Amino acid sequence: MLDARFIRGNIDILKAMLEKRGYGFDLSEFLSLEAQRLALLKESEELRNKRNIVSEQIGKLKNQKTTTEAEMGAVGSEYVFGIDIQKQKSEMRRVSDRIKEIDEILRGIDEKTGLFLLNIPNIPHESVPAGKDEAGNVEIRKWGATKEFDFPPLNHWDLAAMLDIIDFDRASKIAGARFSLMKGMGAKLERALMNFMLDLNTSKGYKEILPPLLVNRESMTGTGQLPKFEMELFKTADPEFYLIPTAEVPVTNIHRDEILNESDLPIYYTAYTPCFRREAGSYGKDTRGLIRQHQFNKVEIVKFVKPEDSYSELEKLTNDAEDILQRLGLPYRVIALCTGDLGFSAAKTYDIEVWLPGQQKYREISSCSNFEDFQARRANIRFKREGKKGTEFVHTLNGSALAIGRTVVAILENLQQKDGSVVIPEALREYMGVEVIR
RNA sequence: GGAGAGGUGGCCGAGCAGGUCGAAGGCGGCGGUUUGCUAAACCGUUGUAGGGGCCAAAACCCCUACCCAGGGUUCGAAUCCCUGCCUCUCCGCCA
């Protein structure tokens, strides 16, 4: 969410930014609503002031009334010190009615402007490359050599079938399309990766979190999934909860509506969670295999930092995610998303794409973003600087480190051997207990 | 699922026969006195947001709102009434 005052004062900048993102917005309606709101707010406040003064007066007089009445010999009279209380009361009744009227109108306006604000995407950072769609993304760096096989490398789903470690058919019997059933060494590989990633992340100072997987509407609004992306979420009926599409949601919301101390920052969290996504609108995309599932495992890292640190923290966060791939020996590249491909809440995003020999393609395995104060403003996460008055919004960041299902895919496809067996990366062997899956 | 208790400032905790309560007191924080240093003691200070005084900031001042949320009663509500949410205790059930 952007600041209403910022919008009022920076129409042209905002318009240009939104166009770069491919969003067209009619800001004039918003501006006229804002003007109305301010005028009504002022009227309402003035009326309240008046009412407060008169009410206080009446209160004071009432307190003195007992003695006064006796003195004046006018018991029962509403006149005290020459003030006609009845008349004041009826006037204040009208004032109160008018205040209620105004407040009702204000509520309507707030609802509209609020919705408007919640639907405006974040402004891209100046370092984000301009571009219309993913074709405009820019490769930042590459790591690891893509391996040449002396045999045609298989898809992970063929490998998995041969090794009997993933059962897609039975998963669809049990649940439906886009679900998977991990078996034996497949299940163990997921668990090993989960532990390996959490151990590595916590060794770097990220505190481990195991959050709720179902969250309320406020949390989803705080991180930006709602109100715009309801279609992409699973939801329970009664009582109403949303299934998290990423640990980003519950973990970022840990500090919703809080005022942190400057000395608390930066805060680093890491969390393993399953993630649930509708994948509405992706019909026909990645229908086979583990790439695009309704439910998948992911280890996420989340940071709360001071505004001046957020871009250096983004680099560090991305490096931490890359470190996992390096330790697993999986080749990857880092790309900077362009303005047109940037997610709704992000100011800047690096995607890490891992090489998949089965597809002869780089595929996203991590997405690392700086949201600046966009989420903090929505979720009302602030901090107080040492010795300074007032509060500021923190900057939030997060990134996958890493998507576990896709890491399984990458390991299977990159480390497959001619006989269909798969070599376990060195770093994972203590977790797996074996060197090869065969 | 049944029965009950409760949600007050960064925290704890009064107020709740409606009026001067943004709210006693304590803790914590900040500033000062004392001290070789630390601690203790003492004095002072200490919420957030919106609007305005100054459409250049900061300081300062004024107004408004906020005692879980939303309605209602009233000239006036932290205090009374209704609804919702949340927390806790006991019983039942359950991994």
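All values derive from a computational prediction rather than experimental measurement. Here is the naming used below: chain letters follow the sequence lines, and residue numbers restart at 1 for every chain.
- One interatomic measurement links the two molecules: CD1 of A:Ile259 to C1' of B:rG29, which rounds to 14 Å at whole-angstrom precision.
- Taking atom P on both nucleotides, B:rA49 is separated from B:rG10 by 11 Å, rounded to a whole Å.
- Between B:rG70 and B:rA58, the two P atoms lie 30 Å apart (nearest whole Å).
- Salt-bridge check for A:Glu308 with A:Arg385: passed, with a basic side-chain N closer than 4.0 Å to an acidic carboxylate O.
- Taking a pair to require two hydrogen-bonding distances under 3.5 Å in either a Watson-Crick or a G-U wobble arrangement, B:rU20 remains unpaired.
- With hydrogens and angles ignored, a donor-acceptor pair under 3.5 angstrom links the side chain of A:Glu45 to the base of B:rG50.
- When both pairing distances are held under 3.5 Å, B:rC80 makes a Watson-Crick or G-U pair with B:rG72.
- Ion pairing between a basic and an acidic side chain is recognised when a charged N comes within 4.0 Å of a carboxylate O; A:Arg98 and A:Glu43 show such pairing.
- OP1 or OP2 of B:rA49 lies within a sub-4.0 Å distance of a side-chain N or O belonging to A:Arg382.
- For the OP1/OP2 pair of B:rA49 and a distance below 4.0 Å, the side-chain nitrogens and oxygens of A:Asn380 include no atom meeting the criterion.
- Between A:Glu46 and A:Arg51, none of the side-chain N atoms (NZ, or NE/NH1/NH2) sits under 4.0 Å from a carboxylate O, so this pair counts as no salt bridge.
- Per the geometry, CG belonging to A:Asp257 stands 15 Å off P belonging to B:rC68, to the nearest Å.
- B:rA77 and B:rG19 are spaced 11 Å apart, taking the P atom of each and rounding to whole Å.
- Counting to the nearest Å, the C1' atom of B:rC62 and the NZ atom of A:Lys42 are 13 Å from each other.
- The gap from the P atom of B:rU33 to that of B:rA39 amounts to 15 Å, rounded to the nearest Å.
- Between A:Glu262 and A:Lys306 there is a salt bridge, since at least one side-chain N of the basic residue sits less than 4.0 Å from a carboxylate O of the acidic one.
- Base pairing of B:rG25 is made with B:rC12, judged by Watson-Crick or G-U wobble geometry with both donor-acceptor distances under 3.5 Å.
- Between the CZ atom of A:Phe383 and the C1' atom of B:rG29 there is a distance of 17 Å, rounded to whole Å.
- Contacts with RNA chain B (heavy atom under 4.0 Å) in residues 92-103 of chain A: A:Met92, A:Arg93, A:Ser96, A:Lys100, listed by number.
- Per the geometry, CZ belonging to A:Arg5 stands 12 Å off P belonging to B:rA57, to the nearest Å.
- Under the Watson-Crick or G-U wobble criterion, with both distances below 3.5 Å, B:rC60 is paired with B:rG53.
- Between the C1' atoms of B:rG22 and B:rA14, the separation comes to 15 Å (whole Å).
- Taking the ring centroids of A:Phe374 and A:Phe344, they lie under the 6.0 Å cut-off.
- Nucleotides B:rG84 and B:rA3 have their P atoms positioned 15 Å apart, rounded to a whole Å.
- Nucleotide B:rU64 holds its P atom 10 Å from the CD atom of A:Glu56, rounded to whole Å.
- Summarising the base pairing, B:rA41 is matched to B:rU33 through a Watson-Crick or G-U wobble pair whose two defining distances lie under 3.5 Å.
- Using a 4.0 Å cut-off, some side-chain N or O of A:Asn49 falls inside it from OP1 or OP2 of B:rU64.
- Under the Watson-Crick or G-U wobble criterion, with both distances below 3.5 Å, B:rC88 is paired with B:rG4.
- The structure places OG1 of A:Thr202 at 14.5 Å from OH of A:Tyr269, a figure rounded to the nearest 0.5 Å.
- To the nearest angstrom, C1' of B:rU48 lies 15 Å from CG of A:Leu260.
- At a threshold of 4.0 Å, the pair A:Glu218-A:Arg378 does not count as salt-bridged, since none of the basic side-chain nitrogens sits closer than that to a carboxylate oxygen.
- Within 4.0 Å (heavy atoms only), A:Arg107 reaches sugar-phosphate atoms of the nucleic acid but no base atom.
- Going from atom CG of A:Asp264 over to atom P of B:rC11 covers 13 Å, rounded to whole Å.
- At a threshold of 4.0 angstrom between heavy atoms, the contacts of A:Asn261 with the nucleic acid are absent.
- Residues A:Glu392 and A:Asn52 both approach RNA chain B. Their nearest nucleotides, taken by heavy-atom distance, put A:Glu392 toward the 5′ side.
- Closest to the side chain of A:Leu38, from the set B:rG51, B:rG47, B:rC75, is B:rG51.
- Here A:Lys87 does not reach the OP1 or OP2 of B:rC75: none of its side-chain N or O atoms lies under 4.0 Å away.
- Within the 4.0 Å cut-off from OP1 or OP2 of B:rU74, not a single side-chain nitrogen or oxygen of A:Arg51 is found.
- Salt bridge A:Lys235/A:Glu240: present, at least one basic N to carboxylate O contact under 4.0 Å.
- Between A:Glu45 and A:Lys42, no side-chain nitrogen of the basic residue sits less than 4.0 Å from a carboxylate oxygen of the acidic one, so the salt-bridge criterion is not met.
- One finds no salt bridge joining A:Asp341 and A:Lys132 here, because no Lys/Arg side-chain nitrogen approaches an Asp/Glu carboxylate oxygen to under 4.0 Å.
- Nucleotides B:rG13 and B:rG6 are separated by 14 Å at their P atoms, to the nearest Å.
- Across the strands present, B:rC66 finds its partner in B:rG47; the criterion is a Watson-Crick or G-U wobble pair with both atom distances under 3.5 angstrom.
- When heavy atoms are screened at a 4.0 angstrom cut-off, A:Thr391 is found touching the sugar-phosphate backbone but no base atom.
- Distance noted for atom P between B:rC16 and B:rG7: 13 Å (whole Å).
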